[in-house]
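Residue numbers begin at 1 in each chain, while the letters A, B, ... track the order of the sequences.
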Amino acid sequence: MPELPEVETVCRGLADALIGDRFTRVTLRRANLRFPFSDGFIETLTGRRVETIHRRAKYILMQMEGEAALIGHLGMSGSFRIEKSPIPEHPLDRHDHVVFETERGLRIRYHDPRRFGFMLLTERALLETHPQLINIGPEPLGNEFNGPALAERLAGRKTPIKTALLDQRVVAGVGNIYACEALHRSGISPKRLAANVTGARADRLAAAIRQVLEEAIASGGSTLRNYSHTSGELGYFQHRFEVYDREGAACTTPDCNGVIGRIPQAGRSTFFCPKCQR
DNA sequence: CTTACGGCCTGTACGC
DNA sequence: TGCGTACAGGCCGTAA
């Protein structure tokens with residue numbers, strides 16, 4: 001489920017709640033998610049204070065007091081819930097795989113039915129060069145991300161632009177929804193050869209990627225208020241999509257009158273307007 | 001190096 | 001009601 005905006009919202013919510021707090025108990029309710037939990041996972045985190053929480057692409061990076069750091073990923077179905085005290089209506093269920101309890105009395109649970117998410121321990125000095133992160137492309141909300149930077153990453157790529165946008169080496173954090181949305185907003189066909197997105201088109205696409213992500217983050221933050229529902233669940237919020245999951249509906253582009261279509265690309269659904277996306 | 005594809009999991013929506 | 005199929009916001013390992 002989560003793409004960059006949702007992960008950003010989760011990070012802010014976790015940061016608001018956890019920075020400066022200390023884990024008093026860490027419980028693993030199974031031995032693995034996508035990957036086995038690192039050796040010493042519980043021992044390394046228990047008793048440690050949380051110093052920083054950041055996002056890189058769709059990864060959650062948590063630096064702990066001392067030399068340890070935690071790399072987390074929500075996969076397709078991961079979420080966190082923060083509870084200030086146990087809520088009777090929300091007992092742990094079979095998909096609550098990790099539970100953190102803190103000195104300030106919080107209980108944070110990680111819930112992930114499909115278990116495509118993961119949590120890995122590393123050393124903070126190795127965060128930048130961790131195999132999971134080393135090949136990730138530029139952050140789309142960063143100062144250095146623009147049309148020329150995007151075009152450079154797309155050069156020589158013989159896949160459709162939609163498929164290329166999902167490659168995290170091209171640009172960090174874009175997933176299926178926002179790839180579709182950004183292409184629609186910039187009027188570019190998802191089928192266009194990636195290497196042919198250059199010049200003004202690349203400028204428009206880079207700007208559109210930045211815009212849709214920023215709007216989604218703003219929407220998430222305001223919807224959740226302090227980045228969490230009253231239930232304490234982080235990261236799930238509804239943003240208005242122009243094309244995603246709108247097959248058969250009218251295109252929202254002014255004076256277009258097209259109908260949103262859906263095609264498979266690289267095993268994923270692409271939603272687009274065949275009329276105004278070229 | 002890039003690209004294509006199967007696989008990992010569970011849950012849900014839908015057609016019969 | 002049940003059963004089968006398709007699909008779901010991600011990414012990894014392997015093969016070509």
Heavy-atom nearest pair, A:E3 first then A:N176, reads OE2-N, 3.3 Å
Picking from B:dG11, C:dC7, C:dG10, the nucleotide nearest the side-chain atoms of A:R262 would be C:dC7
Is any side-chain nitrogen or oxygen of A:K58 closer than 4.0 Å to OP1 or OP2 of C:dC11?
yes
Strand partner of C:dC11, provided both Watson-Crick or wobble distances fall under 3.5 Å
B:dG7
Could a donor-acceptor pair under 3.5 angstrom be found where the side chain of A:E6 meets the base of C:dG9?
yes
Please evaluate the base of C:dC11 for a donor-acceptor partner in the side chain of A:R34 within a cut-off of under 3.5 Å?
yes
A side-chain contact here means heavy atoms from C-beta on lying under 4.5 Å apart; do A:V197 and A:L205 qualify?
yes
Using a distance-only criterion (donor-acceptor N/O pair, under 3.5 Å, no hydrogens), is the base of B:dC9 paired with the side chain of A:R114?
yes
Hey, is the side chain of A:Q132 poking within less than 4.0 Å of OP1 or OP2 on C:dC11, counting only N and O atoms?
no
By nearest-nucleotide position on DNA chain C, the 5'-leaning member of A:N176 and A:F35 is A:N176
May I ask you to test the A:L28-A:I42 pair for a side-chain heavy-atom distance under 4.5 Å?
yes
From CZ of A:F271 across to P of C:dC7 the rounded distance in Å is 10 Å
For a quick test of reading the model, state the closest non-hydrogen atom pair linking A:P140 to A:F145 and the distance between them.
O-CD2, 3.3 Å
Quick one: is B:dT10 close enough that its OP1 or OP2 comes under 4.0 Å of any side-chain N or O from A:H95?
no
For A:Y244 and C:dG9, is the shortest distance between a side-chain N/O and OP1 or OP2 below 4.0 Å?
yes
Is the phosphate of C:dC11 approached by A:R268 (side-chain N or O, under 4.0 Å from OP1 or OP2)?
no
Measure from CD on A:Q265 to P on C:dC7 and round the result to the nearest Å.
15 Å
Is there a side-chain polar atom (N or O) of A:Q168 under 4.0 Å from OP1 or OP2 of C:dC11?
yes
Less than 4.0 angstrom between a side-chain N/O of A:R115 and OP1 or OP2 of C:dG10, yes or no?
no
Distance in angstrom units between A:K162 NZ and C:dG9 C1', rounded
11 Å
Look at all strands and tell whether A:S269 reaches a base, only sugar-phosphate, or nothing, counting heavy atoms closer than 4.0 Å.
sugar-phosphate
Name the nucleic acid region contacted by A:F118, choosing base, sugar-phosphate or nothing; use a 4.0 angstrom heavy-atom cut-off, strictly under.
nothing
Is there side-chain contact between A:K58 and A:H73, with at least one heavy-atom pair below 4.5 Å?
yes
Is_stacked (A:F116, B:dC9) at 5.5 Å, 30 deg
no
Please check the phosphate of B:dC9 (OP1 and OP2 only) for any side-chain N or O of A:S77 closer than 4.0 Å.
no
